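Everything numeric here is computed off the predicted structure, so don't read it as measured data.
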Amino acid sequence: MEKSLQRSVLLVTLSLFFFSIPVSLSVPFVLFHGIAGECSNDEVSNLTKFLNNYSSSPGSCVEIGNGLVDSLYMPLTQQASIACEKIKQMPELSEGYNIVGLSQGNFVARGLIEFCDNAPLVFNYVSLGGPHAGLSDLSKFNCSVCELLDIYLSDVYNDFVQDHAAPSGCFKIPTDIKNYLEHSKYLPKLNNERPGEKNSTYKDRFTSLHNLVLIMFEKDNVLTPKESCWFGYYPDGAYTPILPPQKTKLYTEDWIGLKTLDDAGKVKFVSVPGGHMEITKEELIKYVVPYLQNESTSSSEI
Ligand SMILES: *[C@@H]1O[C@H](CO)[C@@H](O)[C@H](O)[C@H]1NC(C)=O
Ligand SMILES: *[C@@H]1O[C@H](CO)[C@@H](O)[C@H](O)[C@H]1NC(C)=O
Ligand SMILES: *[C@@H]1O[C@H](CO)[C@@H](O)[C@H](O)[C@H]1NC(C)=O
Ligand SMILES: *[C@@H]1O[C@H](CO)[C@@H](O)[C@H](O)[C@H]1NC(C)=O
Ligand SMILES: *[C@@H]1O[C@H](CO)[C@@H](O)[C@H](O)[C@H]1NC(C)=O
C-alpha cells in the first residue's frame, strides 16, 4: 500500500516534469509590419502563422496605434515608444524574446532595442528589407493611400513633415547631410550618428543581441539603395559609390556596435533574389525560422 502510494507520487512528479518543460522552453517572437500594412491583413497574419508553425515558437504581430494610417503618418519616435510600452506589458516576453521586422517595421524594432528602458532582452533580431542606413529616395514607392505622403516627402527635413510622415524619419539625402543631422528626428539618433551626441547605452543594447540577420532583396524596387538593408550606404556628399557596410563610418567607428557584433560572428548578411519583401517559403525556412527556434537554456537544466 505504502509502496504503491510512493509510486503514484513519483509518477505524478514525473508527469509534471515532462509536461511542463516543453511549454516553457520556446522563446517567443514578435513581428512588426511595414508601412501601409497592419497586423490583421492577410499577408502579415499569414507570415506570422507560418513562422509560428515552422519554428514551434509562440509569436504575434504587435500593432502600433491604429495600424495602417499610423504606419504612414505617426512619427517613428512615437511608434518606437508605443512598441516599448506594449512589450513591457506582455508578461510572456519577460524572459527575453526574438524580433522579426518587416521593411519600415525595422525602425520600430531597432528603436525598441536601443531606446526602451527596463525592457526584456532581445536575443535574435531578423530584419527583412529594413533600410537601416537610410533611404535616399522613395519615388518608386507605391501605395494607394500615399498621395499626401508624396507631397510631404518633397520637403523631408521640414519640421512639420518630420512630425507627420513616418518615413521622413529614415530619409538621409547624401547631398544634404547638414540638414539631415540638424533636422531629422529619428535616424541620426538611432544610428548614433550625431558627433558629440552618441549614447553608449544604445550601442550596449544593440551589441547584446545574440544574432542579427540582415536580409536584402536583390531586385528591391522600393528602397534606394537596397544595400541600406545591410547598413551599406553612399558616402556623405555624393551618390557614388555605394559603400559596403564595412566601409561606412557607422561600422568602422562602431557607432551602434555593428562591427563588434560582426567581429563576434553574430551578423548574417543575407541576400535573396526577389523584389522588395518578396521572400519564398524556402527562404523563410532557411534564413528566418532557425533564429526563432532558440530554446531557453535556463529551463533546460532542470
Ligand atoms: C493567406 O492564407 C490563406 C489561407 O491559407 C490564403 O487563402 C490566402 O490567399 C493567403 N493570403 C496571402 C496574401 O498570402
Ligand atoms: C507546419 O509546419 C510543418 C513543419 O514544421 C509543415 O510540415 C506543415 O506543412 C506546416 N503546416 C502549415 C499549415 O503550413
Ligand atoms: C503603382 O501603382 C499603379 C496602380 O496601382 C500601377 O499601375 C503602377 O505600375 C505602380 N508603379 C510601380 C512602380 O510599381
Ligand atoms: C542615453 O540613453 C539612456 C537610455 O535611454 C538615458 O538614460 C541616458 O540619459 C542617455 N544619455 C545621454 C547622455 O543622453
Ligand atoms: C538562447 O537563449 C538563451 C537565453 O535563454 C541564451 O543564453 C542563448 O545565448 C540564446 N542562443 C541564441 C543562439 O540566441
Gln246 atom CD, over 12 foreign heavy atoms within 6.0 Å = yes
Flag side-chain contact, heavy atom, 4.5 Å: Leu223 against Ser228 | no
Plane angle bin for His132 and Phe231 - parallel if under 30°, tilted between 30 and 60°, otherwise perpendicular = parallel
Is His183 reaching over with its side chain to a backbone N or O of Asn179, donor-acceptor style, under 3.5 angstrom?
-> no
CD1 of Ile64 to SG of Cys39, rounded to nearest 0.5 Å, is 8.0 Å
Is Tyr186 reaching over with its side chain to a backbone N or O of Gln162, donor-acceptor style, under 3.5 angstrom?
-> no
Chi angles and distances behind the side-chain contact (heavy atoms from CB on, under 4.5 Å) call for Lys259, Tyr251 | CA-CA 5 Å; Lys259 181 176 189 299; Tyr251 187 99; 3.7 Å; yes
Would you say the side-chain atoms of Asp254 pair up with the backbone N or O of Leu258, donor to acceptor, closer than 3.5 Å?
-> yes
Sub-3.5 Å donor-acceptor pair from the side chain of Tyr287 to the main-chain atoms of Val272, do we have one?
-> no
Side chain of Ser55, backbone of Val289: donor and acceptor closer than 3.5 Å?
-> no
Can you check whether Tyr233 reaches Leu250 side chain to side chain, under 4.5 Å on heavy atoms?
-> no
Would you say the side-chain atoms of Thr224 pair up with the backbone N or O of Ser136, donor to acceptor, closer than 3.5 Å?
-> no
Gap between atom CG of Leu76 and atom CZ of Arg110 - 0.5 Å precision = 11.0 Å
Quick one: which of Val288, Leu284, Leu292, Ile285 gives a side chain to side chain contact (heavy atoms under 4.5 Å, CB included) with Tyr54?
-> Ile285
Please report the closest heavy-atom contact between Lys286 and Pro290, naming both atoms and the distance.
-> O-CG, 3.4 Å
Determine the sole option in Val62, Asn98, Leu128, Leu51 for which the side chain to side chain contact (heavy atoms under 4.5 Å, CB included) test with Leu31 is passed.
-> Leu51
Stepwise salt bridge (Lys or Arg N to Asp or Glu O under 4.0 Å) test for Arg205 and Asp117 = CA-CA 10 Å; Arg205 287 175 181 161; Asp117 295 326; 2.7 Å; yes
Any side-chain heavy-atom pair of Asn211 and Tyr125 under 4.5 Å | no
Under a single-linkage definition using a 4.5 Å side-chain heavy-atom cutoff for Ile, Leu, Val, Met, Phe, Trp and Tyr, are Leu243 and Leu187 assigned to the same hydrophobic cluster?
-> no
Check: Thr248 side chain, Gly232 main-chain N or O, donor-acceptor pair, under 3.5 Å | no
Measure the shortest side-chain to side-chain distance between Pro225 and Pro131 over non-hydrogen atoms and say whether it is less than 4.5 angstrom.
-> no
Test log, rule side-chain contact (heavy atoms from CB on, under 4.5 Å), inputs Asn106 and Phe32 | CA-CA 7 Å; Asn106 285 292; Phe32 294 104; over 6 Å; no
Do the non-hydrogen side-chain atoms of Met90 and Ser60 ever get within less than 4.5 Å of each other?
-> yes
Answer with yes or no whether the side chains of His210 and Asn124 bring together a donor and an acceptor at under 3.5 Å.
-> no
Under 3.5 Å donor-acceptor, Lys86 side chain and Glu63 backbone | yes
NE2 on His276 to CG on Leu102, rounded to 0.5 Å | 9.0 Å
Could you give me the CA-CA distance, side-chain angles and deciding distance for Asp70 and Gln79, then say whether side-chain contact (heavy atoms from CB on, under 4.5 Å) is met?
-> CA-CA 8 Å; Asp70 281 340; Gln79 293 198 33; 5.6 Å; no
Side chain to side chain contact (heavy atoms under 4.5 Å, CB included) with Val122: which of Ile113, Leu93, Leu212, Leu112?
-> Ile113
Where do Leu68 and Ala36 come nearest, in terms of heavy atoms and distance?
-> CD1-O, 3.5 Å
Shortest non-hydrogen contact from Ser184 toward Gly169 = OG-O, 3.8 Å
Mark yes or no for whether Trp255, through its side chain, and Lys203, through its backbone, hold a donor-acceptor pair below 3.5 Å.
-> no
Note, Pro75 side chain near Lys185 side chain (heavy atom, < 4.5 Å) = no
If you round to the nearest 0.5 Å, how far is CZ of Phe107 from OG1 of Thr77?
-> 12.0 Å
How many angstroms lie between CG in Leu261 and CG in Leu214, if you round to the nearest 0.5 Å?
-> 9.5 Å
State the CD1-CG distance between Ile256 and Asn192, to the nearest 0.5 angstrom.
-> 7.5 Å
Measure the shortest side-chain to side-chain distance between Pro167 and Gln104 over non-hydrogen atoms and say whether it is less than 4.5 angstrom.
-> yes
Could Lys189 and Phe115 be counted as a cation-pi pair, given that NZ or CZ must be under 6.0 Å from the ring centre and within 45° of the axis?
-> yes
Report yes if the side chains of Pro58 and Ser26 come closer than 4.5 Å at any heavy-atom pair, otherwise no.
-> yes
Do any N or O atoms from the side chain of Lys226 and from the backbone of Phe217 form a donor-acceptor pair under 3.5 angstrom?
-> no
Thinking salt bridges, do Glu193 and Lys172 make one under a 4.0 Å N-O criterion?
-> yes
May I ask you to decide whether Asp42 forms a salt bridge with Lys49, counting only side-chain N to carboxylate O separations under 4.0 Å?
-> no
So which heavy atom on Glu218 is nearest to which on Ser271, and how close?
-> OE2-OG, 2.7 Å
Given the rule in the side-chain contact (heavy atoms from CB on, under 4.5 Å) test, do Cys116 and Ile87 qualify, once you have shown the distances and angles that lead to the verdict?
-> CA-CA 9 Å; Cys116 189; Ile87 291 302; 5.8 Å; no
